[in-house]
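Below you'll find the structure, written out as structure tokens, and then a few comments.
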Amino acid sequence: MKNVYDIFKERGFIEQATDENMLRELLAKPITCYIGFDPTAKSLHVGSLLPIMSLAHMQREGHRPIALLGSGTCLVGDPSGKDEIRPVMTREEIDSNAEGIKAQMSHFIDFTNGKALMLNNADWLVPLNYIDFLRDIGRHFSVNRMLGAESYRQRLESGLSFLEFNYMLLQAYDFWYLFKNYDCLLQMGGNDQWGNILAGADLTRRIEGKIIHALTFPLITTADGNKMGKTHRGAIWLDPELTSPYEYYQYWINTDDRDVRRFLSYFTFLPMHEIERLSRLKGEDLRKAKDVLAYEATKICHGQDAANKTRSAARQLFGQEVMEDSEAVPTYSMTSDELGEGIQAYILFKDSDLCATRSEARRLISQGGAYVNGERIPSFDTRVGPDDIQNNAILLRAGKKKYLRVCIQDS
RNA sequence: GGAGAGGUUCCCGAGUGGUUAAAGGGAGCAGACUGUAAAUCUGCCGGCUCAGCCUUCGGAGGUUCGAAUCCUCCCCUCUCCA
């Protein structure tokens, strides 16, 4: 069995670790490790993919991962990496978000038979008593030292509430709690969590006299300097309701050349020699590597079936295959009554959500970026009507990459 | 609580009575080029019934023929002091 530490290392997962040699030794035998996920939204997004993949790797190598839902800590709000105070969320919001995330996580990690655990820190944080907590836990923390932590230092400029200041103590408490009750010896997380994780290891050393470990992942940015998973249009979610498998696939296939190799090693389970081979491809051929990346990433998140469908849809739309089954292409439905004798193109582009406003649709069309069934639309008021229907649908295209099938149903 | 600075269109940031839907930059969109990549060039970039109209410059009032720009009150942020 390969040591996970080495797997992490060769795949570029490690930014910082407490002690490389001790960790490698520790990981030679099955251990329990954890990563916390904040239920700030009803779904995780691509930005959380690296931590999720790391837990999956741990499990594949025989370790027991714990995915910790931070419902309790989320009530406080983590100031790390945020430049302003987070809006306080209600219990209800957080709980319902946690439900969604739980379901999602199961696609990546097998939670059956105790092979992995899903816990929620609200279970032990909420019942805490303030005075007891201060006396038992708070006394181990030095404010002087906390203020030196990177995550707080940034916020000292723009404002940090006392509520948020306490976040570190709670996360430290989590780590200690999981060590105590689940024998958890390693906490992983994004590099912005380094300070929080160390605080937990420190606390445990003070209380228990035991050494436990921290490992952080690099903050991933794309070659053009954006945060992973953030697009102009918003986050790329793991929930198919929020980001369809088609869009998900498209996100990956549009990867910058410079990111292909890195992303293959982060976001697929392909062996490194295969990744090396793929990323050696040059020029146009590199698209083959992107295709593998998109396919594998979609498969891991949405399943083989969805991956096949979206890949086929992409190939049809982008011209390598004949159009026949377009199930996975984004669809907008309307009845033949609504279509009537025809609708002005700019209205159709707006109503189908290809454009946000009618003005935007007019602009798009007048700039020559709008197509119906592959034909460029000459003017904004061109009518799209029954004559344009092919296979019960009309294929719209905005710009080079955005496709939409308008599905016409009998009324 | 006291003193000062400030809140402008997605972001940064000009603008101190009319020529301002508001400079400039970034982001974004479209076209050309191309490999569903990058770079580059060109155009666009509040809304709408689109060469006209409507709604914007923290909020509410007021002055004025006319305000993002002046006055009043309120809200919020930052800096210094307590």
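Naming convention: chains lettered A, B, ... in sequence-line order (proteins, then strands); numbering from 1 in each chain.
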### Task
Just name whichever nucleotide pairs with B:U55, Watson-Crick or G-U, keeping both distances under 3.5 Å, else none.
none
### Task
Can you tell me, in whole Å, how much space there is between the P of B:A68 and that of B:G58?
10 Å
### Query
Which of these nucleotides, B:G31, B:U36, B:U49, is closest to any side-chain atom of A:Ile253?
B:U36
Base, sugar-phosphate alone, or nothing: which one does [X] contact when heavy atoms must sit under 4.0 Å apart?
| X | result |
| --- | --- |
| A:Leu364 | sugar-phosphate |
| A:Asp256 | sugar-phosphate |
| A:Gly283 | base |
| A:Arg376 | sugar-phosphate |
| A:Glu360 | nothing |

### Task
Calculate the interatomic distance between A:Trp252 atom CH2 and B:A37 atom P; express it in whole Å.
17 Å
Is there a donor and acceptor pair closer than 3.5 Å between the side chain of [X] and the base of [N]?
| X | N | answer |
| --- | --- | --- |
| A:Gln367 | B:G31 | no |
| A:Ser359 | B:C50 | yes |
| A:Asp257 | B:G35 | yes |

Contact under 4.0 Å: [X] side-chain N or O vs [N] OP1/OP2:
| X | N | result |
| --- | --- | --- |
| A:Arg362 | B:G47 | no |
| A:Arg358 | B:G46 | no |
| A:Arg287 | B:U36 | yes |

